[in-house]
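We name chains A, B, ... by the order of the sequence lines, and we start the count at 1 in each one.
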There are 2 protein chains.
Amino acid sequence: MSGRKPRSTATGRVTMQEVAKAAGTSMISVSRAFRDSAMVSPELAARIKEAAAALGYVPDRAASALASARSMNVAVVIPSLTNTVFVEMLAGIDEILSPQGYQMITATSFYAPAEELRLLRGLLAFRPDGVLLTGIDHLPETLKLLTSSARPAVHMMELNNQPGSYSVGFSQEEGGAAIARHFVERGYKKIGFVAAQLDPRTLARGSGFRQALEAAGLGAPRELMVPERSSIALGATLLDRMLAAYPDTDAVFFCNDDLAQGALFRCQRRGIAVPGQVALAGFNDLPASACTTPALSSVATPRYQIGREAAKMLLELMAGRVPASFRLDLGFTLNIRETS
Amino acid sequence: MSGRKPRSTATGRVTMQEVAKAAGTSMISVSRAFRDSAMVSPELAARIKEAAAALGYVPDRAASALASARSMNVAVVIPSLTNTVFVEMLAGIDEILSPQGYQMITATSFYAPAEELRLLRGLLAFRPDGVLLTGIDHLPETLKLLTSSARPAVHMMELNNQPGSYSVGFSQEEGGAAIARHFVERGYKKIGFVAAQLDPRTLARGSGFRQALEAAGLGAPRELMVPERSSIALGATLLDRMLAAYPDTDAVFFCNDDLAQGALFRCQRRGIAVPGQVALAGFNDLPASACTTPALSSVATPRYQIGREAAKMLLELMAGRVPASFRLDLGFTLNIRETS
DNA sequence: GCCACCCATGTTAGCGCTAACAGCGCCATA
DNA sequence: TATGGCGCTGTTAGCGCTAACATGGGTGGC
């Protein structure tokens, strides 16, 4: 149906060379017109654009990256694609990087530090101009690889105090502590903590929660910690197990909203009064949490903003500038609702 | 803290040349050892790996892509990162492609066909070995660009009958129709349809739903269709609006589970009996839907499998083979639960 | 004992683009 | 009218890697 593609090179692609010939100019002018049309005269730019469109020219980033030192790629490693928290962060990153011409190259570590190292090695083959990693707990080799790559990097979600290290996030400990203080304030005494997917952030929330309870003179919480992936269904199961083990529990902090929502749904089904018999609180404040009846108390985390700010910080670093801060605390919001 | 990086090239990177020298061999052997170590003798391979590790060599995909015509990249365009359906599909794709050494290069079109075209153009600059697109409704220019790029492509989520076009998905119309038939079977008469984010798939569900109702002798449903992004909160609002406009409505099909869950939550809050006063059904069967009380009826869609199968099909095409089928229908499951 | 063949390895010549450095013409200034 | 500077355009030389074609030494058949 379509005419033959113009081609002269071995690979059959339309190259800059051909565009140059068609526009009656040199390759370098085509290159300049595409990268920043202000570098050539308006007439030449127009002629080049026209010739390129007519030929169906598509630039080759690989060749460009090879010839210049810039790839316009940013490597991003997140633990999981099935956790909205990280995906929203990704959306924030892309929203900032994409308009600047940068392409995210992402990989999923499944929460495994060794896998993160392997993935980073693979992503560095793209010669990214910058790197975005989730969390601050990495294998020593990962850190070494990062320094030896000489690429600017920003860590997301948690805050880092290491000199020379950049991070954007909030204090997970403080988030956990905020829930604890809220429970104490409300007068709950027999308090439980339920966690799954025991990644560093989950553990940090737990330790903040625990410390705040102790500081308030309450002993250690009843704990239920399982390594499995968090899910709504698991939250229901874990609520059952917690109440079976400690029937008099009057408040439970779930390390994330998936678990907390599952627990709330289970209470609804079993006819357990919330917060009458047992109070519930979660973490992350997923959209559903504000809509359930009773509405779920949760710690709202700024993951979308973290993505945006981390991307902005990386942009600064990639431009060779020094960011305003090397450690950006975006905080969190304690949303007390009806379950506590 | 670490010693100086070995370097001799202008860019300061450790190159294959240096690895070759250190291993006492030629570049091509290093290249072969890295791509398929069976191409060199075991001893040489070991020596090369060792030298590479000692020098901290990281291969350069840009150079490789330029020299070989294969980029080992796959371009993926999805409408949104904030809709789990597409993200789960992405996870399925990555699970298949990643072990084969392919890197996904993704972009988000925000449901805009013109944006999709722009993004595809950008992604083609990566010279991907294959392309994965969401849906079958594309701009004519997008299709033209796709053919002129001469890259194998697979369309996901919907099914396509165009000759020469590959697709993996299920019939959205049939999904909508299944809900309609279920409502009819249960004896509901005053039926409503609520939709948001009016993308082609949403509209297809609606038209399937409508046709099946008519086929059953029921007239057109009461409809509420808004262009805004779907969300749980919007589902609550739309339920209110539907019941305000048609108080006697006895069953409502929401075009996705976000809306349906929001509606259910709103019914819980307002004390509206579900399904006693009004029956509810959604689409996609998100994890929460099975856990609410009453549990939500929904059409379970195989988005994760779609991602996997589309990736497998693309793998076949990229290998120059002909896939078993050019149109893979993965079907759906109607999960009747308590809301209807 | 010669030759075809095969395996492991090496040499050469780019892939498509851009950095770096020329040129060239034109205008403002002395 | 000479001089310097500026804005635009062009030439040259790679960036790091791999395809394609050598090369060299061993093996087996007759």
K.L.:
Base, sugar-phosphate, or nothing: which does B:Y57 touch, judged by heavy atoms less than 4.0 Å apart?
P.N.:
sugar-phosphate
K.L.:
Dump the intermediate steps for side chain to side chain contact (heavy atoms under 4.5 Å, CB included) on B:L159 and B:I136, then the final yes or no.
P.N.:
CA-CA 7 Å; B:L159 295 170; B:I136 53 171; over 6 Å; no
K.L.:
Could you check whether the rings of A:Y166 and A:F326 sit parallel, tilted or perpendicular, using 30° and 60° as the cut-offs?
P.N.:
perpendicular
K.L.:
Taking for each residue the nucleotide of DNA chain D with the nearest heavy atom, is it B:R32 or B:D60 whose nucleotide lies nearer the 5' end?
P.N.:
B:D60
K.L.:
Using a cut-off of less than 4.0 Å, is there contact between a side-chain N or O of B:S26 and OP1 or OP2 of C:dG10?
P.N.:
yes
K.L.:
Kindly calculate the angle separating the two end axes of the helix from C:dG1-D:dC30 to C:dA30-D:dT1, each obtained from five base pairs, and round it to 10 degrees.
P.N.:
30°
K.L.:
Has A:T25 got a side-chain N or O lying under 4.0 Å from the OP1 or OP2 atom of D:dG10?
P.N.:
yes
K.L.:
Can you tell me how far P of C:dA19 sits from CE of A:M16, to the nearest Å?
P.N.:
11 Å
K.L.:
For the pair made of CE in B:M27 and C1' in D:dC21, what is the distance, rounded to whole Å?
P.N.:
17 Å
K.L.:
Which donor-acceptor pairs under 3.5 Å do side chains of residues 43-52 of chain A form with protein atoms, sequence neighbours excluded?
P.N.:
from	atom 1	to	atom 2	distance (Å)
A:R47	NE	A:A23	O	3.0
A:R47	NH2	A:A23	O	3.2

K.L.:
Taking CG from B:L66 and P from D:dC15, how many angstroms apart are they, rounded to a whole number?
P.N.:
13 Å
K.L.:
Can you check the B:E18 CD to D:dC17 P distance for me, whole Å?
P.N.:
9 Å
K.L.:
For C:dG10, does either OP1 or OP2 sit under 4.0 Å from a side-chain N or O belonging to B:S29?
P.N.:
yes
K.L.:
Where do B:E141 and B:K144 land on the salt bridge (Lys or Arg N to Asp or Glu O under 4.0 Å) test, with the steps shown first?
P.N.:
CA-CA 5 Å; B:E141 291 99 313; B:K144 211 187 304 174; over 6 Å; no
K.L.:
So, is B:S64 near the phosphate of D:dC17, with a side-chain N or O under 4.0 Å from OP1 or OP2?
P.N.:
no
K.L.:
Whole angstrom is fine here: how far is it from CD1 in A:I28 over to P in D:dG7?
P.N.:
18 Å
K.L.:
Please determine which of B:R201, B:R303, B:R327 meets the salt bridge (charged side-chain N to carboxylate O under 4.0 Å, His left out) test together with B:E158.
P.N.:
B:R201
K.L.:
For B:R127 and B:L44, take the nucleotide of DNA chain C holding the closest heavy atom to each; which residue's nucleotide lies nearer the 5' end?
P.N.:
B:L44
K.L.:
Under 4.0 Å from any atom of DNA chain C, heavy atoms only: list the residues of residues 35-43 of chain B that qualify, in numerical order.
P.N.:
B:V40, B:S41
K.L.:
How far does OG of A:S148 sit from CG of A:L143, to the nearest 0.5 angstrom?
P.N.:
11.0 Å
K.L.:
What is the distance, to the nearest angstrom, from the CD atom on B:Q17 to the C1' atom on D:dT18?
P.N.:
14 Å
K.L.:
Specify the separation, in whole Å, of atom CD1 of B:I48 and atom P of C:dA8.
P.N.:
13 Å
K.L.:
Does the side chain of A:R127 pick up a donor-acceptor pair with the side chain of A:N73 at under 3.5 Å?
P.N.:
no
K.L.:
Do the ring planes of A:H138 and A:H155 sit parallel (below 30°), tilted (30 to 60°) or perpendicular (above 60°)?
P.N.:
tilted
K.L.:
For D:dT18 and B:S31 - does any side-chain N or O of the residue sit under 4.0 Å from the phosphate oxygens OP1/OP2?
P.N.:
yes
K.L.:
Nearest whole angstrom, please: distance from the C1' of C:dG16 to the CZ of B:F126.
P.N.:
16 Å
K.L.:
For the residue pair B:E95 and B:Y304, establish whether any side-chain heavy-atom pair is separated by less than 4.5 Å.
P.N.:
yes
K.L.:
Does A:E309 come within less than 4.0 Å of A:K312, counting only side-chain N to carboxylate O?
P.N.:
yes
